[in-house]
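This report refers to the structure that appears directly beneath it.
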There are 2 protein chains.
Amino acid sequence: MHSFTEENYLKAIYKLQETNGEVVATSALAQVMGVHAPSVTDMLKRMGQKKLVSYQKSKGVKLTEKGKQVAIGIVRNHRLWEVFLVEKLGYRWDEVHDIAEQLEHIQGEELINKLDAYLGFPEADPHGDPIPNAKGVLPKLKSVLLSSLKEGDQATFTGVSDHSTSFLHYLDKAGIALGDTLKVKSIEQYDQTYTLTLKGKKEVTVSLKVANSILVS
Amino acid sequence: MHSFTEENYLKAIYKLQETNGEVVATSALAQVMGVHAPSVTDMLKRMGQKKLVSYQKSKGVKLTEKGKQVAIGIVRNHRLWEVFLVEKLGYRWDEVHDIAEQLEHIQGEELINKLDAYLGFPEADPHGDPIPNAKGVLPKLKSVLLSSLKEGDQATFTGVSDHSTSFLHYLDKAGIALGDTLKVKSIEQYDQTYTLTLKGKKEVTVSLKVANSILVS
DNA sequence: TAATATATTTAGGTTCGTCTAATTTAAAAT
DNA sequence: ATTTTAAATTAGACGAACCTAAATATATTA
């Protein structure tokens, strides 16, 4: 029975707040963490004491400023370690998540800043997700969904919104890689598929689901 | 109240076995870990169940083969991460211990082997301690204490037997660094001090205590 | 060998993060 | 507005790693 720390909860709350709005429900948290609701209630009480979250019973939970800073720090760690794993150790982008999940909890401000410098202060991780800087500020990567493009539009593949291994594998197999220039050759209205021209050479046809998971700018 | 895992105990037992012989006493373990004896008894029982140690009450404890392999793995991780911190991130040798103490518990065979390759399969960490290879074999660095040299002898500084920050600082301040060629210019019998010539230039006088903490070959 | 001193274990308690089962609170539907 | 359903909390328990105080076992010394 795998046990979670405050940091794990902070990160999960942070991610839920990003996608589902300011206030997070006990059940939502329980669901994403794979834990039962009473465990969450317990933990939230403890974290409330420590002023990491503001928690009022049966009213959901929000990160305090303090909690948010910790959460962003973990996201920063995670993404920098992912860059390290891919750039320096030669991992593929679909392999690094679990290892980074461990490395993100290594403590030490100086360490992560040195790592950041060593990696050349990257702005995005191998999936195109923005990396908060040492002050906790996220660079705004103004990207849009591939599905928002029109026929003839051209853009650079900058990130994914679906981080699942299966999707990453799919992209690899289709020969679509981060940094590629994608041109929308045609959009088939009836079955909502996109035919893309890659780097002026290859052509691939992808579903709307895929077009909705690819970020470009 | 800082809490330890099985891995922490395994490493501590391993180190005690190396220096104090095969069988380790409850109290010795309690002492080095900074924990009270009953906590150790408890933990040893649990670890005995899992066949990580062979434990018979009031008779001390020994690592099993399984436990030894895990312990060596941790030592390998620790020393490789130390090399990383010094070689890649630019830390000094006296700063890396605590961070490596965290990093040594990151799980994943593949990760550590990739790191090993990335670092060029080093044989020793920044303090001159041998790094076990992927099979758990320690390279034998046949080094001796500086204090075993005679007047006129010359050797290379390959490691330290005292890893304390204060000693490492002392060496830095004295301008003695790993890899240096040391020549014993003279030994003062009465107060047991060694006057060393460094790289044919500088001269330093050190106490017997220091000469006993420096490894050369 | 007996007495003392030291090391170790047992007994019983705490905190943390989990669980299930039962209860209460809040939201949705009639 | 009442009933029904769903969400959240409380109650009570467990395992892991810790603690203190008391009891036992081992070693040392007289």
Side-chain angles (χ1 to χ4, degrees), chain A residues 1-14 16-17 19-63 67 70-71 74 101-102 104-105 107, chain B residues 1-14 16-17 19-63 67 70-71 74 101-102 104-105 107:
Chain A
M1 181 217 324
H2 183 11
S3 194
F4 296 103
T5 63
E6 279 169 3
E7 287 197 353
N8 297 127
Y9 278 88
L10 287 173
K11 187 183 164 193
I13 296 167
Y14 178 78
L16 286 169
Q17 279 190 309
T19 54
N20 297 32
E22 181 108 40
V23 50
V24 174
T26 303
S27 54
L29 207 41
Q31 206 242 301
V32 302
M33 310 226 7
V35 110
H36 293 227
S39 311
V40 174
T41 301
D42 264 24
M43 185 55 127
L44 292 183
K45 280 187 201 160
R46 281 189 291 266
M47 290 171 72
Q49 299 294 311
K50 300 190 189 173
K51 309 282 180 206
L52 290 166
V53 296
S54 76
Y55 168 70
Q56 308 179 68
K57 64 176 180 182
S58 294
K59 290 265 156 62
V61 74
K62 294 194 312 182
L63 291 181
V70 176
I74 296 165
E101 200 97 318
Q102 295 182 62
E104 72 189 6
H105 299 110
Q107 300 298 312
Chain B
M1 177 218 322
H2 184 15
S3 194
F4 295 103
T5 64
E6 278 169 4
E7 287 196 353
N8 297 128
Y9 279 87
L10 287 172
K11 187 183 164 193
I13 295 167
Y14 178 77
L16 285 170
Q17 280 191 309
T19 53
N20 298 32
E22 182 106 40
V23 48
V24 174
T26 302
S27 54
L29 208 39
Q31 207 243 300
V32 301
M33 310 227 3
V35 112
H36 292 229
S39 311
V40 174
T41 301
D42 263 24
M43 185 56 126
L44 292 183
K45 279 187 201 161
R46 282 188 293 268
M47 290 171 74
Q49 299 294 311
K50 299 190 188 175
K51 309 285 180 202
L52 291 166
V53 296
S54 76
Y55 168 69
Q56 309 179 68
K57 63 175 177 184
S58 294
K59 289 266 157 60
V61 73
K62 294 193 314 182
L63 292 181
V70 175
I74 297 164
E101 200 97 318
Q102 296 182 64
E104 73 189 5
H105 299 109
Q107 299 298 313

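Just so we're on the same page: letters track the sequence lines, and every chain starts at 1.
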Below 3.5 Å is the cut-off: list the nitrogen or oxygen pairs between protein and nucleotides 2-6 of chain C, distance only.
none

> Of the non-hydrogen atoms in B:Q107 and B:H105, which two are nearest, and what is the gap between them?
Replying inline: NE2-O, 3.1 Å

>> Tell me the closest heavy-atom pair linking B:L29 and B:A12, and the distance in Å.
In response: CD1-CB, 3.8 Å

> Which residues in residues 38-51 of chain A have at least one heavy atom lying under 4.0 Å from any atom of DNA chain D?
Replying inline: A:P38, A:T41, A:K45

>> Contact list please: residues 26-35 of chain B against DNA chain D, heavy atoms, distance less than 4.0 Å, in numerical order.
In response: B:V35

By side chain to side chain contact (heavy atoms under 4.5 Å, CB included) - contacts of [X] (at least two apart):
X     : result
A:S3  : none
B:K50 : B:E6, B:L52
A:S27 : A:A25

>> Tell me every residue that passes ring pair (Phe, Tyr, Trp, His ring centres under 6.0 Å) with B:F4, counting only those two or more places apart in sequence or in another chain.
In response: B:H2

>> Please enumerate all residues that pass salt bridge (Lys or Arg N to Asp or Glu O under 4.0 Å) together with A:E104, with sequence neighbours excluded.
In response: A:K11

> Does any pair with a residue in residues 20-30 of chain B pass salt bridge (charged side-chain N to carboxylate O under 4.0 Å, His left out), and if so which ones, sequence neighbours excluded?
Replying inline: B:E22-B:K62

> When you check the phosphate oxygens OP1 and OP2 of D:dT20, does a side-chain N or O of B:H36 lie under 4.0 Å from one of them?
Replying inline: yes

>> Can you see if the side chain of B:Y9 gets near the phosphate of D:dA16 - specifically, an N or O under 4.0 Å from OP1 or OP2?
In response: no

>> Nearest 0.5 angstrom please: B:Q102 CD to A:Q102 CD, how far?
In response: 13.0 Å

> At what distance, to the nearest 0.5 angstrom, does OG1 of A:T5 lie from CG of A:L10?
Replying inline: 8.0 Å

Below 3.5 Å between N/O atoms, which protein atoms pair up with nucleotides 23-27 of chain C? Just atom names and distances, please.
none

Measure from [atom1] on [X] to [atom2] on [N] and round the result to the nearest Å.
X    : N      : atom1 : atom2 : result
A:E6 : C:dT15 : CD    : C1'   : 13 Å
B:H2 : C:dC16 : NE2   : C1'   : 16 Å
B:M1 : C:dC16 : CE    : C1'   : 10 Å

For residues 54-61 of chain B, which side-chain N or O atoms pair as donor and acceptor with protein atoms under 3.5 Å away, sequence neighbours left out?
none

Show which side-chain atoms of residues 32-45 of chain B pair as donor or acceptor with protein atoms under 3.5 Å away, not counting sequence neighbours.
| from | atom 1 | to | atom 2 | distance (Å) |
| --- | --- | --- | --- | --- |
| B:S39 | OG | B:H36 | O | 3.3 |
| B:T41 | OG1 | B:A37 | O | 3.4 |

> A:Y55 side chain: which of D:dT9, D:dC18, C:dT18 is closest?
Replying inline: D:dT9

